[in-house]
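Keep in mind that this is a model prediction, so the values were computed, not measured.
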Amino acid sequence: MFNIVNEIKLSYSRKGNSDKLISNSQDAVDVFRQHFDHDEIDYRESFFALYLNQSNKVLGIRKISESGISSTIVDVRIIMQAALLCNASSLILAHNHPSGNLKPSGEDLKITHNIKCASEFLNIKLLDHFILTSTDYLSFADEGHL
């Protein structure tokens, strides 16, 4: 009988635009808008995380989830796994509200708090969380929710 343990392989590649600097909210929103499906932003909810190095240059972006009309499942462990994998110093979150309502829900505030706690534990700064609609956005940082 053999004692076999599965080998875990993780990978990260810096292919793409790694020189993109995020210096303000609009810079981040512009990157997120390039990755949201324009045909579905008013139809179904999606959640993304943007990972940055110490100079606020983009390391990468990851779609965390995509689901229904009024909610999507967000697993904090998946967000932090990618942050650790790419050696992120900070991260920015974004999700859309197909309803067009920019007001954060109780669940939005709760998941942001949970992600902030996890990121602080790992010494990774949560810079912002955006709610997007097809025409506008809300910044949690600007609204005092972080």
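- To the nearest 0.5 Å, the span separating CG on D142 from OH on Y137 amounts to 6.5 Å.
- A side-chain donor-acceptor contact under 3.5 Å links N96 to the backbone of S46.
- Expressed to the nearest 0.5 Å, how far CD1 of I73 lies from CZ of F47 amounts to 12.0 Å.
- To the nearest 0.5 Å, atom OG of residue S134 and atom CD of residue E40 are 13.5 Å apart.
- Without hydrogens or angle criteria, D42 side chain to T133 main chain gives no donor-acceptor distance under 3.5 Å.
- Between I22 and V58 the shortest side-chain heavy-atom distance falls below 4.5 Å.
- Between the side chain of D108 and the backbone N or O of S105, at least one donor-acceptor pair lies under 3.5 Å.
- The shortest heavy-atom contact between C86 and L59 is O-CD1, 3.3 Å.
- The shortest distance between side-chain heavy atoms of S119 and K125 does not fall below 4.5 Å.
- Closest non-hydrogen pair, L102 versus L132, comes out as CD2-C, 4.5 Å.
- Distance CG/N114 to CE/M80: 12.0 Å, rounded to 0.5 Å.
- Note that the OG atom of S139 and the CD1 atom of I131 stand 10.0 Å from one another [nearest 0.5 Å].
- At least one side-chain heavy atom of N56 sits under 4.5 Å from a side-chain heavy atom of S90.
- Considering H95, H145, E143, K116 as possible partners of H129, the one that fulfils the side-chain hydrogen bond (donor to acceptor under 3.5 Å, both in side chains) test is H95.
- Looking only at atom types and distance, the side chain of Q26 has a donor-acceptor partner in the side chain of D30 under 3.5 Å away.
- The shortest distance between side-chain heavy atoms of V74 and I115 falls below 4.5 Å.
- Screening F130, F48, Y43 for a ring pair (Phe, Tyr, Trp, His ring centres under 6.0 Å) involving F36 leaves a single residue, F48.
- Across all their heavy atoms, L126 and T112 have their closest contact at CD2-O, 4.0 Å.
- The two residues S55 and N53 make their nearest non-hydrogen contact at N-OD1, 2.8 Å.
- No path of Ile, Leu, Val, Met, Phe, Trp and Tyr side chains, each step under 4.5 Å between heavy atoms, connects I61 with L21, placing them in separate hydrophobic clusters.
- Residues S25 and D128 have side chains in contact (heavy-atom distance under 4.5 Å, counting atoms from C-beta outward).
- Taking a 6.0 Å sphere around NE2 of H113, one finds it holds 12 or fewer heavy atoms contributed by other residues, nucleotides or ligands.
- Using a distance-only test at 3.5 Å, with no hydrogens or angles considered, a donor-acceptor pair links the side chain of Y51 to the main chain of I79.
- Heavy-atom minimum distance, R33 versus H38: O-CE1, 3.0 Å.
- Annotation: side chain of R44 is in contact with side chain of E66 (closest heavy-atom distance under 4.5 Å).
- Taking OG of S99 as the start and CD of E45 as the end, the distance is 8.5 Å to the nearest 0.5 Å.
- Shown here for L127 and A141, the closest heavy-atom pair between the two residues is O-CB, 3.8 Å.
- Taking the side chain as every heavy atom from C-beta outward, L91 and L50 never approach each other to under 4.5 Å.
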